[in-house]
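Taking it in order: structure first as structure tokens, then the write-up.
Throughout, numbering of the chain's residues begins at 1 and tracks the sequence. Note that ligands are numbered from 1 as they come in the structure, with each ligand's atoms numbered from 1 the same way.
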Amino acid sequence: MSLHRSIAEARERVSAAQINDAASLENFRLEFLSRKGLLTRLFEEFKSVPSSEKALVGKALNDLKKAAEEKFKAAQASVAAPRATPQASDWTLPGDAYVLGSRHPVSIVERKVVDIFSRIGFRVEEGPEIETDYYNFTALNFEDDHPAREMQDTFFLDAKKEYLLRTHTSPVQVRVMKSQKPPIRMIAPGRVYRNETVTARSHCYFQQVEGLVVDERASFADLRQTLNYFVAAMFGPKVKVRLRPSYFPFTEISAEADISCLLCDGRGCPVCKHTGWVEIMGCGMVDPAVLTHCGLDPERYQGYAFGFGIERMALVLYRIPDIRLYSQNDVRFLSRFQTL
Ligand code: DAH
């Protein structure tokens, strides 16, 4: 058979070949295009074609090769792409609803607090949740038999009562004073634990923020201004702040800060127990004994400190009546905070 006829026949076979799946595609490749396929053999034979015929036969052979390659490529694309099933794509149907998560109200308030204090130069510090008696009590001027130790119901972790879950964020004050040189301006948000019965108003864990400023001059007036600034930024400029004398072992003088009730504008309601005021934090001047404990000279340095609970602030801001809601992960509750 002349090469010319073989080429013509091969062309017919190429155009007649049925490729409709991966297997027939591979067969086609093996038959025509592979190293041992028909085209290779024809090109081999082409070498012995007399030169007078070379131009004509060469063109026919090249056309055949192009046709086989094109068919292969087109078939490859359609085998790889699954056919669209027209009835499955009704573009007028509404899309699937996207379920958006939301931040937890405690995180929302904590971020707000961090943001407000960062603006006036407070740095965020952290401390461990498992503390020693020393940092949680002793260094903060709670004496061994001091009744103040009983103020806080502690989860002790060992029989010797050396390790415990911190009952407040105040031990972070000690860690920072021991490791940094004044001027210090810090807040420390974090979780704290108390061995208390869980009720609508108290929980065995909650979130606090500690604040501490130590400098050569830091006065009670500075503390008061800092609180005024914070309360105005957090609750709005109309909310009033008042300080009442109080007692904490690690501050001298000590105070409790109240804000005028947001819910009733100070007129009296169940949230403020009809007093018009809601207590939001403890604060005071760092006791010189605590400065000494931390290696700072109380003749040279003064400090003020404050500490408050996040859940209580969220209660006032978002009117959350039951502290247990924060830890129940009920999406009906959590989704209320989607837009905040
Ligand atoms: N640590 C106190 C508590 O948990 C709160 C507190 C009061 C922190 C006065 C302070 C402070 O820094 O100065 O009840």
Matching residue for Phe142 among Phe137, Tyr135, Phe248 - test: ring pair (Phe, Tyr, Trp, His ring centres under 6.0 Å):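 Output: one option passes, namely Phe137.
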
Heteroatom proximity flag, Phe250 to ligand 1, N/O under 3.5 Å: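 Between Phe250 and ligand 1, no N or O pair is found under 3.5 Å apart.
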
N or O pair under 3.5 Å between Thr251 and ligand 1: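 Such a contact does not occur with ligand 1.
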
Test salt bridge (charged side-chain N to carboxylate O under 4.0 Å, His left out) applied to Arg119 - qualifying residues, sequence neighbours left out: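 So Arg119 forms a salt bridge (charged side-chain N to carboxylate O under 4.0 Å, His left out) with Asp115.
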
Counting each atom of ligand 1 from 1 as listed, which ones have a heavy atom of [X] under 4.0 Å away?
| X | result |
| --- | --- |
| Gly282 | 7 (C), 9 (C), 11 (C) |
| Phe248 | 7 (C), 9 (C) |
| Gln208 | 3 (C), 4 (O) |
| Gly284 | 13 (O) |
| Ser170 | 1 (N), 8 (C) |
| Ala305 | 12 (O), 13 (O) |

I'd like a table of donor-acceptor pairs (distance under 3.5 Å, sequence neighbours excluded) in which one partner is a side-chain atom from residues 271-284, with atom names and distances.
| residue | atom | partner | partner atom | Å |
| --- | --- | --- | --- | --- |
| Thr275 | OG1 | Cys272 | O | 2.6 |
| Thr275 | OG1 | Trp277 | N | 3.1 |
| Thr275 | OG1 | Trp277 | O | 3.0 |

Ring centroid separation Phe117 to Phe306 under 6.0 Å: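 Aromatic pair counts; centres sit under 6.0 Å.
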
Phe306 and ligand 1 - part of the residue with a heavy-atom distance under 4.0 Å: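 The backbone, only.
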
Arg324 bridged to Asp322 by N-O distance under 4.0 Å: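 Looking at Asp322 together with Arg324, the answer is yes, because their closest N to O distance falls below 4.0 Å.
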
Presence of salt bridge, Lys73 and Glu70, under 4.0 angstrom: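 No, no charged N to carboxylate O under 4.0 Å.
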
Heavy-atom nearest neighbour of atom 3 (C) of ligand 1 within options Arg194, Glu210, Gln173: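 The nearest heavy atom belongs to Arg194.
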
Between Ser24 and Asn27, a side-chain donor and acceptor under 3.5 Å: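 No, no side-chain donor-acceptor pair sits under 3.5 Å.
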
